[in-house]
Trainee: 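Quick one: the structure is below, questions incoming.
Order of appearance sets the numbers: ligands from 1, and atoms from 1 within every ligand.
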Amino acid sequence: MPGFRRWGKSKFERNPESSFKLLAAIIVITLYLLIKEFQHPTVRDRGTRSVQIQHAHWNGTGKAHETRAKSVRDAMRYTFWKYRENAWGCDDILPVSGGNSTSRNGWGAFIVDSASTLALMGLWDELAHSVEHILAIDFTESTDLVDPFETTIRYLGGLLSIVELYDAGLIPEDIVHIEARDVILEHAVTLAVKLAPAYDTPSGMPWPRVDFDTEEGEPDPSFIFAEDADKREYDHPAIGPARTGSSVLENRVLTRLTGDAIYAQNATLAWAPLLWSKWATPWAGMVDAPIDIMTGEPVGRSRHWDGGHDSYYEYLLKMTLLAPPADPHMDVYRKRFTDAAYSLREHLSSRSAPAPDHIMQHLFIGRQDDTQYENQQSHLACFAPGTLLLASKHYEQPYLRTFALALLEGCRHTYTSTPTNIGPESWSWIPKFSYDDPLYLPETTRQREEAITSGFWSTEPQYKGRPEYVESLFYAWRITGEQRYRDWAWEAFAAMEEHCKAPFGYAQLADVYDTQTVGESKWVDMQESYWAAETLKYLWLTFTDVEVASLNSWVFSTEGHPFRMIR
Ligand SMILES: *[C@@H]1O[C@H](CO)[C@@H](O)[C@H](O)[C@H]1NC(C)=O
Ligand SMILES: *[C@@H]1O[C@H](CO)[C@@H](O)[C@H](O)[C@H]1NC(C)=O
Ligand SMILES: *[C@@H]1O[C@H](CO)[C@@H](O)[C@H](O)[C@H]1NC(C)=O
């Protein structure tokens, strides 16, 4: 590891390369703009901005579906109390055995990540317990390396969202009083300051890990540090766009709440190499990855909206909803997003060829690796329909609406094609309009049978409690007002209730095609905190009144935490 340090900041300072001149200019401009914007920090007196995102003519149909909303809220209470009774303070409960995991630095990831769901649902007794724990967390200590991406979206976002919901008057004073609100904000600052070494690279892109003891950035533990450089895949740590482009929303909110420009500034610099890259990429708006964190140069040729890239595109759009419209970067964000959305449609979307027993065709999104099209999508990419729909409304792009709703139908097809009514983790299809020879073909008897009956086959058959499909249904319901999206969400929830509910929470499924296995072996003993932070939240928001957390005044982070749109 010591040998690695020679690529650190000091070398950069001695030998500034011309490639950093552009970044230097961005630093100056960003600093100027942020200082200008925050020189009179008035935090509480700014009114909430409102844009017309949601469907406008509900005519009574946007009221809560009380029994369905209650069922989801009951699922949240079950999730909370099983954790409370069996794993309180641990990061996550193991829902089958009742054991626990501490893989997220042991600060109680479930508690922080689920708090905004409890607040929206009005589960006040539960939230009071969570706030008591949150106030006592010491974010300065961690025995493990800290992952700035996961920590920002789950912990920092979770803390800030509670402050936002309190400031909007949505949490009663006896659950969170003003002193508690201030302590939670101080915790957010403490955590952001401890994460600060992540941003200490020549490019501004974050290190994959931070060591809280030495206060230095570190590579991913899987990065090979052999003295022998050929054993390493890349010379320096290289990361995907999601890692470098998914801290800007949270840090922008932290800057607004504290009046300190540094958080938004560092997070803006972190994604600047993607936005103002001097390395041309073949498709408008889309970035090639992975990207070297020392130089900002793409060192791989992977291009897609799936896991690892997803939330960079999501945050381009969401920044233009969250931040003041007068910020001059907004036009760049908007253009990058729109270009990337049309590139996605043009280059990566693919209709499945009809299959012997299934004449319908479905729209999916694949991936590109250099010149090779990969006919494979994962559940994670089912966030795209919701995000594209949000963009179609905000940017008045009717083509994106049509595209988004077709992709959403494709995601739904993966759910309705399995006996559990839950879609797999990833799948492939034969493209109707061929991109040369398909990279993936069904290999096993089982895959061939799936392909024949449904036009796609699973490549990973698990369900990991993921939210993306129901998240997109939430956007579809709130934006189009069409009842069927609410019904689809109910079908998905009913399936999760039937197949995932375990003795100590909601387990992941080993195989969404398997309804034969009885007993515990049908489950994987894991319940990620996003189950409570996102999956249950988006389901509940779909069944409650459409005025709750309206998309006209709230922006949801990539982890489902609501932040206010502020003028
Ligand atoms: C609103 O609903 C009422 C009663 O269901 C119906 O009579 C009316 O035509 C609806 N209006 C619109 C604009 O859809
Ligand atoms: C977490 O699990 C360990 C055993 O793996 C156990 O000793 C500990 O008591 C558990 N923690 C809680 C809060 O239940
Ligand atoms: C901001 O980034 C600089 C490196 O450019 C780093 O030294 C500093 O600690 C960071 N501060 C915060 C609060 O992130």
Trainee: Quick check on contacts: which atoms of ligand 3 are under 4.0 angstrom from a heavy atom of Tyr199?
Mentor: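 Near Tyr199, the atoms of ligand 3 are 2 (O), 4 (C), 5 (O), 14 (O).
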Trainee: So does Asp514 pair up with Lys522, basic N to acidic O under 4.0 Å?
Mentor: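 Salt bridge: no.
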Trainee: Any side-chain donor paired with an acceptor under 3.5 Å for Glu468 and His379?
Mentor: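 Yes - a donor-acceptor pair under 3.5 Å links their side chains.
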Trainee: For atom 10 (C) of ligand 2, which protein heavy atom lies nearest, and how many Å away is it?
Mentor: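 Checked against all protein heavy atoms, atom 10 (C) of ligand 2 sits closest to Asn100 ND2, 2.5 Å.
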Trainee: Please say whether Tyr263 places an N or O atom under 3.5 Å from an N or O atom belonging to ligand 3.
Mentor: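 No.
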Trainee: Can you name the one residue among Tyr263, Tyr315, Tyr155 that meets side-chain hydrogen bond (donor to acceptor under 3.5 Å, both in side chains) with Glu250?
Mentor: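 Of the listed residues Tyr263, Tyr315, Tyr155, the side-chain hydrogen bond (donor to acceptor under 3.5 Å, both in side chains) partner of Glu250 is Tyr315.
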Trainee: Side chains of Asp113 and His561 only: does a donor on one sit below 3.5 Å from an acceptor on the other?
Mentor: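 A donor-acceptor contact under 3.5 Å links the two side chains.
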Trainee: Using a distance threshold of 4.0 Å (strictly less than), state whether atom 14 (O) of ligand 2 has a protein heavy-atom neighbour.
Mentor: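 It does: a protein heavy atom is found less than 4.0 Å away from atom 14 (O) of ligand 2.
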Trainee: For ligand 2, which atoms sit closer than 4.0 Å to a heavy atom of Cys90?
Mentor: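 Matching atoms, with element in brackets: 11 (N), 12 (C), 13 (C).
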Trainee: Taking the basic N atoms (NZ, or NE/NH1/NH2) and the acidic carboxylate oxygens, is any pair closer than 4.0 Å for Arg336 and Asp331?
Mentor: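 Looking at Arg336 and Asp331, the cut-off is not met.
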Trainee: Kindly identify the option in Asp200, Leu195, Asn266 whose heavy atom sits closest to atom 8 (C) of ligand 3.
Mentor: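 Heavy atom nearest to atom 8 (C) of ligand 3 belongs to Asn266.
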Trainee: Counting from 1, what ligand 2 atoms have a heavy atom of Trp88 closer than 4.0 Å?
Mentor: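 It comes down to these atoms of ligand 2: 13 (C).
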Trainee: As a test of the contact definition, would atom 4 (C) of ligand 2 count as having a protein heavy-atom neighbour under 4.0 Å?
Mentor: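 Flag for atom 4 (C) of ligand 2 set to false, no protein heavy atom closer than 4.0 Å.
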Trainee: Within the distance-only criterion (no hydrogens, no angle test), does the side chain of Thr255 pair as donor or acceptor with the backbone N or O of Asp260 below 3.5 angstrom?
Mentor: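 Yes.
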Trainee: Just how far is it from atom CG of Asp174 to atom CH2 of Trp124, taken to the nearest 0.5 Å?
Mentor: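 These two atoms lie 9.5 Å from each other.
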Trainee: Give a yes/no on ligand 3: does Val193 have at least one heavy atom closer than 4.0 angstrom to it?
Mentor: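 In this structure, Val193 fails to qualify as a contact of ligand 3 - no heavy atom is under 4.0 Å.
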